[in-house]
Every structure is written in structure tokens, then in C-alpha cells.
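This report concerns only the one structure given below.
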Amino acid sequence: MEETNREAVATAVQRVAGMLQRSDQLDKVEQYRRREARKKASVEARLKAAIQSQLDGVRTGLTQLHNALCDVKDIQNSLADVSKDWRQSINTIENLKDVKDAVVQHSQLASAVENLKNIFSVPEIVQETQNLIEQGELLQAHRKLMDLECSRDDLMYEQYRMDSKNVHDMNLIRGYFGQVQGLSEELSKQLWMVLQRAVVTVRRDPTMLVSVVRIIEREEKIDRRMLDRKKQTGFIPPGRPKCWKKRMNEVLEGTVSGRIESTQSETRESDKMWLVRLLEIMRKYVLDDLIIVKNMMVQCFPPHYNTFQVFFDLYHKSVSARVQELAAEDLEANEIVSLLTWVLNTYKSVEMMGDPDLQPECDVKKLEPLLPDKVVDDLLGKYLKTFTSNITGWLRKALETDKKDWQKETEPEGDQNGYYQTTLPAIVFQMFEQNLQVAAQINETYKEQVLKVCLKQMNSFLVRYREEAICFKEEHLKDRQLPQCYVQYMIAIINNCQTFKESINSLKRKYSQSSESTQNDAAIDKLLNDVAREGCQFLLDEVFLDLEHHLSELLTRKWLSGSHAVDTICVTVEDYFNDFSKIKKPYNQEMTSEAHRRVVVEYLKAIMQKRISFKNADERKEGADRMMKEAEQFKFLFRKLSAGEDSDRLCDSISAIAEVFKLTDPALLYLEVSTLVSKYPDIREEHIVALLAVRGDASREMRQMIIETLNQNKPSSSSVSQPIFRDITVPSSTMTTMTAMTSMTVPKLLK
């Protein structure tokens with residue numbers, strides 16, 4: 001208490017010190033004192049009230065404990081009196097055994113009297129019940145059946161209570177009511193027949209279905225009551241529990257399963273589209289039945305049956321079992337696609353389980369897959385394998401058909417722009433397109449796989465296509481008169497390559513989600529370019545075979561005296577290029593450039609072969625003028641063929657050599673040759689030697705001096721964008737002459 005007082009005093013001092021910190025607060029001391037007095041009085045009042053409340057509670061508790069103690073004593077006294085009375089009445093209870101037996105017998109007799117009317121009329125009721133069952137009055141028949149069973153069960157129960165070991169009396173009752181069990185079975189058969197036709201019955205006579213459900217519900221209640229009595233007494237009537245609700249579910253499941261199995265009306269032998277028809281019939285049956293269940297049958301069953309969900313699950317289970325059976329069969333490729341498309345797409349679409357008429361009760365997102373993933377993967381793998389084999393055969397047949405067209409005596413057809421083409425690209429990509437459309441119906445991943453297979457097979461196909469194009473050219477060279485339309489069909493082969501490119505890009509844009517180029521894409525592109533360029537080369541070879549005779553006349557004495565070889569060359573090239581105009585871009589442009597280059601190269605080869613050696617200045621002038629004129633002819637021709645594109649540099653090489661020939665002052669020959677070399681850095685020593693030999697007036701010393709000087713100051717040829725002389729070889733005789741000259745030591749006086 002002292003410590004508490006000290007703490008209180010310390011707290012009070014601290015509080016007063018907080019109130020009187022300034023001098024002006026001394027005026028309010030009386031006010032502070034009155035306020036603290038009020039607070040103290042209030043606290044004391046609350047403490048008194050709390051203590052008084054606790055004292056009242058303790059007083060009430062003590063009173064209740066005292067009353068409880070008195071009650072316990074009274075109960076003890078009462079129990080003692082009861083115990084005393086019980087001991088005195090034991091003998092009396094034993095004397096009442098006869099009364100007890102009489103009560104039991106009275107109960108049995110009362111039950112017998114109560115059922116006496118039914119007992120005597122059992123045969124009559126059995127016959128009436130049988131008639132009602134045959135007439136389809138199932139509800140009334142069940143009512144009478146229940147009366148019969150109730151009479152039998154009550155009698156057997158009373159007999160069981162009186163003497164459970166009396167088998168003879170039990171059998172006597174069971175035998176008397178023996179036909180009741182048969183009626184129950186007959187009625188159940190009628191119930192199951194109605195349930196098996198539930199989808200039809202609910203539209204024709206829904207009351208019949210309602211009656212069946214009511215009967216089953218009654219039997220379920222009786223089953224539960226009998227099982228409860230068995231727990232108490234150990235007695236259960238014969239035939240119980242009937243479990244008709246469980247049997248109803250089994251019948252419905254069998255009905256749905258049979259409904260699904262009945263969809264197959266055709267076989268592969270009788271109809272190649274048997275699977276498509278089967279799946280369509282199954283789709284229609286399931287959708288129609290579920291709509292009937294939702295709109296009509298649900299009303300015939302109690303809500304707790306959850307009827308629509310039960311039927312929905314049954315149909316899903318039966319469909320899943322059926323499609324797994326189909327998947328296990330030896331299906332063909334098109335059948336695999338039909339099945340997977342139906343399973344993966346159609347089943348959950350608005351055409352079937354996702355139909356608006358089934359919403360919102362039907363949640364397709366919660367449906368389990370009809371086929372396990374492993375089965376789907378196996379089917380896809382089998383289809384890809386078959387598809388790969390089939391497409392290889394299709395491509396081979398398409399190429400064989402196209403090869404036969406190459407031998408035709410009529411020109412190939414042209415497209416809308418007049419470019420020659422064959423039907424091969426259209427056939428090939430129609431096959432690809434059809435299979436990709438089918439794959440797209442299954443899923444995106446599978447579509448990508450099919451596209452990869454198509455492109456891979458396309459790669460192999462183009463290798464064979466290239467080989468066949470080469471064989472086509474080689475067969476033609478054996479007899480250039482056959483086939484008659486060789487040029488036109490070779491043009492079609494070239495154009496097909498461009499069509500293939502466009503079609504492949506179209507397929508990739510349409511069916512591939514990836515825009516990145518693969519190694520296979522690069523290989524296909526290279527093969528197409530190779531086939532097209534080789535085709536262009538074959539056509540140019542054809543042109544130059546016809547020009548061979550005229551090219552051999554160039555830079556000869558006959559040419560110098562007035563040959564028309566170049567005129568014929570230009571006319572022949574232009575005639576061929578009238579057909580070559582049917583070649584698509586960019587190959588027509590490349591072919592024109594290559595033809596231009598080859599014509600010029602052949603002309604330069606004629607110069608380097610030293611077919612002529614000018615004897616004097618007049619011949620050199622005449623030959624140079626002719627070369628310049630012919631260079632202009634080539635320029636005019638190829639400007640016309642290339643639609644005005646600048647390609648003069650090639651022909652200018654002829655004019656540049658003509659300037660070397662035309663020069664009259666040998667002392668300036670080095671400068672002219674140097675100009676030629678600066679324009680065409682790829683020119684080599686043997687070319688210079690050949691030119692000087694054709695000119696015919698250069699001494700050995702001058703030739704040696706020109707060659708050595710050029711070797712010292714020759715520009716690099718690595719940066720030449722369009723080499724001309726690189727592929728031109730000089731005959732060995734000229735090379736021998738050059739070697740002899742360069743081995744001599746000549747004073748370089750003309751430097």
C-alpha cells in the first residue's frame with residue numbers, strides 16, 4: 001500500500017507540475033482544483049458501482065449453489081425409492097410373461113386381421129395387376145403391387161418377431177405370395193422398355209415417363225425404409241433392396257451407348273465416305289437428343305436427379321468410347337483426317353456440343369478429350385507417314401504427265417500475260433493446298449508439320465525436275481528436229497520455276513505463322529534458280545548451235561570481203577528472242593544479258609583465234625570500220641531486246657579493239673593498247689599478242705616492249721564488275737609465239 005501511495009503521489013506531483021508551468025496559470029488553481037475534485041468523485045462512484053455489482057453476482061451464485069444442493073439431495077432420495085420399488089417388483093414382472101406373449105399374439109392377429117382382406121384376394125389382385133401391366137397402366141399396377149408386397153412383408157415380419165427360426169411358416173407365406181415377385185419383375189421390364197425409348201417417349205407421351213420415374217422414386221423410399229428396419233430388427237423382405245434407380249441409370253447408359261453404336265449404317269466396302277457419314281449421323285443424333293433432354297426430359301425427372309448433366313456425361317462417355325474404337329481400326333489417311341477434325345474441332349464447336357440451344361448448361365471447356373493425347377499423336381504420326389508416301393507418288397506421277405506434254409507438237413498454253421507454262425505447278429500446289437486445308441482443320445501445330453513435309457518433298461521433287469530438264473535437253477541434241485516445240489517447253493520449264501517460287505511463298509504466308517526463312521527454304525530457292533538458269537543456258541546453247549556456222553566466218557577473209565554473217569546472227573538472235581519474250585522476269589532479263597555477253601565473247605574469240613592477219617593499212621582500216629559497224633549492230637539489237645537498258649560496254653570492247661587495228665602510226669600503238677587495257681583490266685598478255693598478230697605490222701621488238709611495259713603498269717582486274725576477256729582463251733599456236741617473243745632481250749629504245 002505504501003508503494004502504491006508513493007506512485008500516486010508522484011503521479012499527482014507530475015500532473016500538477018504539468019498544469020503550473022507558467023505564472024499566468026496560478027490564477028486558474030481554483031479552477032483546476034474543482035475539475036480534479038469532479039474527476040475524483042466520478043472515479044469513486046464508478047468503483048463503488050463495480051464493487052456492488054460483483055457482490056450482487058456472488059450473492060446470486062451462492063443462492064443457486066444452495067438450491068442445486070437441495071435438488072441433488074431430493075434426486076438421491078427419489079432414486080433410492082425407485083431402487084426399492086424395482087427390487088420389490090421383480091417377481092411381478094416374471095409373472096407377466098404370459099401377458100407379454102398374449103400381447104405379441106394379439107399384434108400378429110391384428111396384423112392378420114388387417115391384411116385378411118388382401119390375403120384372401122391375393123390371386124384376384126395378382127390378376128388385376130397383371131392386366132394393368134399389359135395395358136400399360138404402370139402407376140396403378142404399381143399401387144396394387146405395393147399393397148401385395150406390404151401384406152406379405154407385414155406377415156413375414158410378424159412371423160419373424162414371433163419365431164425367427166420358424167422356416168416352415170416363412171416359406172408358407174413366401175409361397176402364398178410367390179406370384180408377387182414375378183409381377184415385380186414384369187413391371188420392371190416395362191419400366192426399362194420405357195426408359196430405353198425415353199427420347200421417343202418424352203415426345204409422344206411424357207406422362208408415361210413421369211409415371212416410370214414416380215414408380216422408381218417410390219421403390220427407392222421403400223428400399224430405404226426396409227434397410228433402416230433391417231438395422232433395427234435384422235429382418236428384410238425378399239427381393240429388397242430392389243435398387244431400381246441404379247438399374248435405371250444402367251439402362252439409360254446402355255440406351256445412349258446403343259444409340260451411338262447404331263450410327264454406323266455403311267462400311268468401307270460399300271461406301272468410301274462411310275466414316276464421314278457415321279460421324280455426321282453421330283453428331284446429329286447427339287445434338288438432337290441433348291436438345292430434347294434439355295427442353296423436355298428434364299421436366300419429367302426430379303431436380304435432384306440433375307438429368308441434363310447425367311445425359312450429357314453419358315453421351316460424352318459413349319461418343320468417346322466409340323471414337324476410340326474407330327481410332328483403333330486400320331484407318332486410311334483421309335479417314336484419319338476426318339476423325340481427327342471431328343474429334344478436335346467439330347465436337348466442341350457450335351455444330352455440336354457448343355450449340356447455343358445447349359447453353360448455358362453445357363460447358364464445353366470442362367469436357368475431357370474424346371481421345372487421349374497419345375492416340376491423337378499416333379494417328380497424326382500415321383497420317384504424316386502415309387501422306388509423305390502418297391505425296392511422293394503424286395509428285396512422281398505429276399512429273400511423268402508433264403514430261404509427256406513436253407513431247408507434244410503443239411505449244412504449251414500461256415497464262416493471262418501470255419507467258420508459256422505447263423499445268424505442273426497448278427497440279428502440285430493444288431495437292432499441297434488441299435492437304436494443308438485439311439491439316440488446318442485439325443490444329444495449327446499439325447498444319448505446320450504438314451507444310452514442312454510439303455516443302456521437304458518439294459525439295460526432292462525439284463532435284464528430279466532438274467534431272468528431267470537436263471535429260472530433255474540431251475535427248476533433243478540427239479535430233480534437233482524433235483521435239484518440235486523444244487524451245488517453247490523449255491521456256492515453260494523456266495517459267496514454272498518462277499510460278500513454283502510464287503506458290504511456295506503464297507503457301508507460307510497462308511499456312512505458316514513463322515516468317516523466318518529456313519535452311520530448306522534456301523535450298524528450294526537455290527534449286528529453282530539453278531533449274532531456271534540452266535534452262536536459259538540450254539536455250540542459248542540452241543541459239544548458238546544455229547549461229548555456229550556464221551560465227552566461224554567472223555574475222556576471216558570472206559568476212560573482210562563482205563560477208564553477211566553478223567546480219568544473219570542479229571536476225572537469228574532476234575527471231576529466237578521473239579519466243580524468249582514469253583519467259584518471265586527476272587529470267588528474261590538475265591537471259592538477254594547472257595546472250596549479249598556470249599555474242600560479244602564469240603566475236604572476241606574470233607579475233608583471238610587469228611583467223612586473219614591484215615596485210616596493209618587499207619585492210620586494217622576496212623576491217624576496223626567493219627568491226628565498228630557490227631558493234632553498232634549488236635548495240636542496236638540488244639538495246640531493243642533489253643528494252644533500252646544500258647549495255648554498251650560489252651560492244652564497246654569490239655570498238656576499242658577496232659581502234660587498235662585502225663591506228664596508222666605504229667609509234668602510237670602502245671598508247672592505244674594501254675587505253676584498251678585501262679578500259680578492260682581483265683585482258684591478258686596472250687590477248688594483246690593475238691591482237692598485234694592480227695594487226696600484222698608490229699615488229700617483234702615493239703611487241704616485246706608493249707608487253708613488258710604493260711606488265712609493269714597493268715591495273716588490277718579484281719574490281720572488274722563485268723569481265724569480258726576472262727573466259728576467252730587464245731589458241732596454243734599464238735601462245736607459243738608469245739613465249740618466244742618474251743624470251744628475247746630487246747633494247748627498250750622506244751621508251
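Please read all numbers here as calculations on a predicted model, not as lab measurements. Along the sequence shown, residues carry numbers from 1.
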Could you tell me whether [X] atom [atom1] has more than 12 heavy atoms of other residues or ligands within 6.0 Å of it?
X	atom1	result
E220	CD	yes
D330	CG	no
D373	CG	no

Strictly distance-based, threshold 3.5 Å: is any side-chain N or O of [X] a donor or acceptor partner for the main-chain N or O of [Y]?
X	Y	result
N77	K73	yes
K294	Q359	yes
S257	G254	no
Q299	N295	yes
S262	R259	yes
N435	M431	yes
E448	Q513	yes
R283	E351	yes

Using side-chain contact (heavy atoms from CB on, under 4.5 Å) as the criterion, point out the one residue from M297, R203, M296 that pairs with L209.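 Among M297, R203, M296, the one meeting side-chain contact (heavy atoms from CB on, under 4.5 Å) with L209 is M297.
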Dump the intermediate steps for side-chain contact (heavy atoms from CB on, under 4.5 Å) on M458 and F429, then the final yes or no. CA-CA 10 Å; M458 188 66 193; F429 284 94; 4.2 Å; yes
Closest heavy-atom pair and its distance - [X], [Y]:
X	Y	answer
L358	M353	CD1-O, 3.9 Å
V438	T341	O-OG1, 4.4 Å
L451	K508	CD2-CA, 4.4 Å
V213	P302	CG1-CD, 3.5 Å
G136	M208	O-CE, 3.7 Å
P356	V350	CD-O, 4.3 Å

Is there a side-chain hydrogen bond (donor to acceptor under 3.5 Å, both in side chains) between Q324 and S320 once you walk through the steps? CA-CA 6 Å; Q324 288 187 47; S320 178; 3.1 Å; yes
Taking the side chain as everything from C-beta on, heavy atoms only, tell me whether [X] gets closer than 4.5 Å to [Y].
X	Y	result
Q135	Q140	no
D147	I125	no
T401	L424	no
T129	E186	no
R225	R229	no
W342	L370	yes
L279	T346	no
K447	I442	no

Rounded to the nearest 0.5 Å, how far does [atom2] of [Y] lie from [atom1] of [X]?
X	Y	atom1	atom2	result
L339	I336	CG	CD1	8.5 Å
W244	D223	CH2	CG	9.5 Å
C300	Y305	SG	OH	12.5 Å
E368	K317	CD	NZ	13.0 Å
L145	S188	CG	OG	10.0 Å
K452	L384	NZ	CG	11.0 Å

Do [X] and [Y] meet the criterion of a side-chain donor-acceptor pair at a distance under 3.5 Å?
X	Y	value
Q457	T392	yes
Q127	N131	yes
S506	E502	no
E253	N249	no
W274	E335	yes

Go through L367 and Y347 one step at a time and tell me if the side-chain contact (heavy atoms from CB on, under 4.5 Å) criterion holds. CA-CA 10 Å; L367 283 173; Y347 184 69; 3.9 Å; yes
Are Q232 and D228 close enough, and set up right, to give a side-chain hydrogen bond (donor to acceptor under 3.5 Å, both in side chains), and what steps lead you there? CA-CA 7 Å; Q232 297 173 1; D228 290 341; over 6 Å; no
Please determine if K510 and E433 form a salt bridge, counting it only when a charged side-chain N lies under 4.0 Å from a carboxylate O.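 Judged by the 4.0 Å cut-off on N to carboxylate O distance, K510 and E433 do form a salt bridge.
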Is the NZ or CZ atom of R247 both under 6.0 Å from the centre of the six-membered ring of W192 and within 45° of that ring's axis?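 Yes, cation above the ring, under 6.0 Å and within 45°.
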Determine, stepwise, if the pair F235 / M226 fulfils side-chain contact (heavy atoms from CB on, under 4.5 Å). CA-CA 8 Å; F235 172 77; M226 292 297 109; over 6 Å; no
Evaluate the criterion side-chain contact (heavy atoms from CB on, under 4.5 Å) for residue pair L195 and I216; output intermediate values, then yes/no. CA-CA 11 Å; L195 289 172; I216 293 172; 4.2 Å; yes
Checking side chain to side chain donor-acceptor pair (under 3.5 Å) against E219, which of H142, R214, K245, R224 comes through?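 Only one option passes, and that is H142.
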